[in-house]
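Residue numbers start from 1 in every chain, and the chains themselves are labelled A, B, ... in the order their sequence lines are given, proteins ahead of strands.
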Number of protein chains: 2
Amino acid sequence: MSHMGYRCLMAVDREQVLRSAAALLTRKSTATMDEVARAAGISRATLHRHFAGRDALVRALESLGIAECEAALATARTDEGPAAEAVRRLVREMEPSAGLLAFLYTENQLFEGEEQNEGWARIDAALTELFRRGQESGEFRIDLTPVWLTEALYGLLASGAWAVAEGRVARNDFTHMIVELLLGGALRREEP
Amino acid sequence: MSHMGYRCLMAVDREQVLRSAAALLTRKSTATMDEVARAAGISRATLHRHFAGRDALVRALESLGIAECEAALATARTDEGPAAEAVRRLVREMEPSAGLLAFLYTENQLFEGEEQNEGWARIDAALTELFRRGQESGEFRIDLTPVWLTEALYGLLASGAWAVAEGRVARNDFTHMIVELLLGGALRREEP
DNA sequence: CCGGTGTGAGACAAGAATGTCTCATATGGG
DNA sequence: CCCATATGAGACATTCTTGTCTCACACCGG
């Protein structure tokens with residue numbers, strides 16, 4: 001009975017399990033617990049030891065997503081420097097979480113129980129504030145609302161994650177593709 | 001025994017059922033057939049008379065999505081005029097289908113059976129060709145691949161559909177928000 | 001060497017979802 | 001008016017999924 005626990009032998013990498021679960025559930029949201037376990041390379045029994053059930057699994061996914069988003073926001077220091085650069089730093093920090101976020105973003109059923117969305121509210125607020133700050137400083141156009149820009153960022157992150165996962169976009173281009181499209185759009189700029 | 005069939009009395013509006021099913025399944029992808037039926041305002045028995053099962057329902061959703069995309073592509077005449085204007089026309093034509101497309105785009109499990117994806121292949125090809133044409137004409141920048149722009153268009157359509165459905169973006173702004181972000185990006189343009 | 005710990009495989013029952021059926025009812029056309 | 005058609009409600013068996021349990025085994029530390 002180690003009073004610290006968890007730090008023993010060949011324990012399942014909880015985060016790895018969550019990541020593969022997110023990858024699978026994004027692609028096939030009706031996947032069975034057995035399929036999730038297989039995808040993670042563990043048995044259903046072990047999966048069930050770590051996550052009491054499907055609900056608990058999704059909750060854990062949400063918690064992880066929130067934690068990683070807040071960590072990305074903190075690391076990117078979105079309240080410092082030019083907003084455009086802050087967006088670039090933020091997307092770079094969010095890249096490893098993109099697959100997880102794609103699942104959480106598309107699985108709006110999470111918001112039904114409305115237990116945990118206070119975390120998302122904080123994150124949404126931080127993102128919206130970033131875009132608002134960019135508008136105020138004159139960097140961003142004002143005909144696209146900060147709320148929509150936030151929404152679009154989520155959508156592009158999901159698109160990017162899927163495009164990379166299916167080999168349609170090179171992994172190394174992830175940040176560039178998303179940031180350049182979000183900030184600059186598809187149109188060619190006039191030469192300065 | 002009407003040899004023409006289908007044009008009888010208070011028959012369920014098949015397309016209406018499919019649309020409400022897409023709206024529900026997008027929000028809660030694990031919804032029951034019973035929930036789908038309720039959402040469509042019909043009984044489970046009737047739903048099952050029209051769609052043999054969940055698979056058949058999803059197939060029908062996919063068929064409808066493909067048909068509407070191809071119709072939108074045809075109406076928008078994406079091979080005519082400036083590419084930017086073509087994109088604008090296309091998004092406008094796709095707006096009514098955005099909810100359905102959001103479901104189909106995020107439900108990548110469809111591609112497992114790979115029966116029907118030839119329709120998507122044609123649509124993807126048309127979209128990619130549109131962006132490629134815009135690059136060739138000098139309208140679009142060339143550091144964002146046509147494949148990525150296609151992917152981003154899908155993602156933004158989905159984001160837009162959800163944002164409108166949840167009241168975060170005004171319905172009337174749908175086309176403008178998507179087209180302006182996709183083409184122009186968030187950065188302010190220099191005055192010409 | 002041996003005990004503790006985490007895991008995989010499988011059995012098992014309880015529950016949920018599905019697919020199919022019947023019957024009653026309402027509607028509109030002939 | 002009557003009949004054909006479409007629907008709603010519900011019963012029902014089947015299948016799938018889940019949650020729990022047991023047992024055997026591998027690994028690591030002492």
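Between the C1' atom of dC16(D) and the CG atom of D55(B) lies a distance of 13 Å, rounded to the nearest Å. Rounded to an integer number of Å, the gap from CD1 of I42(A) to P of dG10(C) is 16 Å. Between the C1' atom of dG6(C) and the CZ atom of R14(A) lies a distance of 16 Å, rounded to the nearest Å. If you take CZ of R38(A) and P of dT17(D), they are 12 Å apart, rounded to a whole angstrom.
For R38(B), the CZ atom counts as loosely surrounded, since its 6.0 Å shell holds 12 or fewer non-hydrogen atoms of other residues, nucleotides or ligands.
Listed pair T46(A) / dG8(C) meets the phosphate criterion, a side-chain N or O lying under 4.0 Å from OP1 or OP2. Proximity of H50(A) to the phosphate of dT7(C): a side-chain N or O atom is located under 4.0 Å from OP1 or OP2.
Ring geometry for F131(A) against F140(A) counts as tilted: the plane angle lies between 30° and 60°, on a 0 to 90° scale.
Ion pair R89(A)/E93(A) not flagged as a salt bridge, since none of the NZ, NE, NH1 or NH2 atoms sits closer than 4.0 Å to an Asp/Glu carboxylate oxygen. The pair R122(B)-E118(B) meets the salt-bridge criterion, since a charged nitrogen lies less than 4.0 angstrom from a carboxylate oxygen.
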For nucleotides 11-17 of chain C, which of its nitrogen or oxygen atoms have a protein nitrogen or oxygen under 3.5 Å away, and what is each distance?
none

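The side chain of R49(B) has dA9(D) as its nearest neighbour among dT20(C), dA9(D), dG8(C).
Remark: side-chain polar atoms of R133(A) are paired, donor with acceptor, to backbone N or O of T78(A) under 3.5 angstrom.
Comparing A45(B) and H48(A) against DNA chain D, the residue whose closest nucleotide sits nearer the 5' end is A45(B).
Each of T128(B), L130(B), T145(B), I123(B) was evaluated against T150(B); a single residue qualifies, T128(B), per the side-chain contact (heavy atoms from CB on, under 4.5 Å) test.
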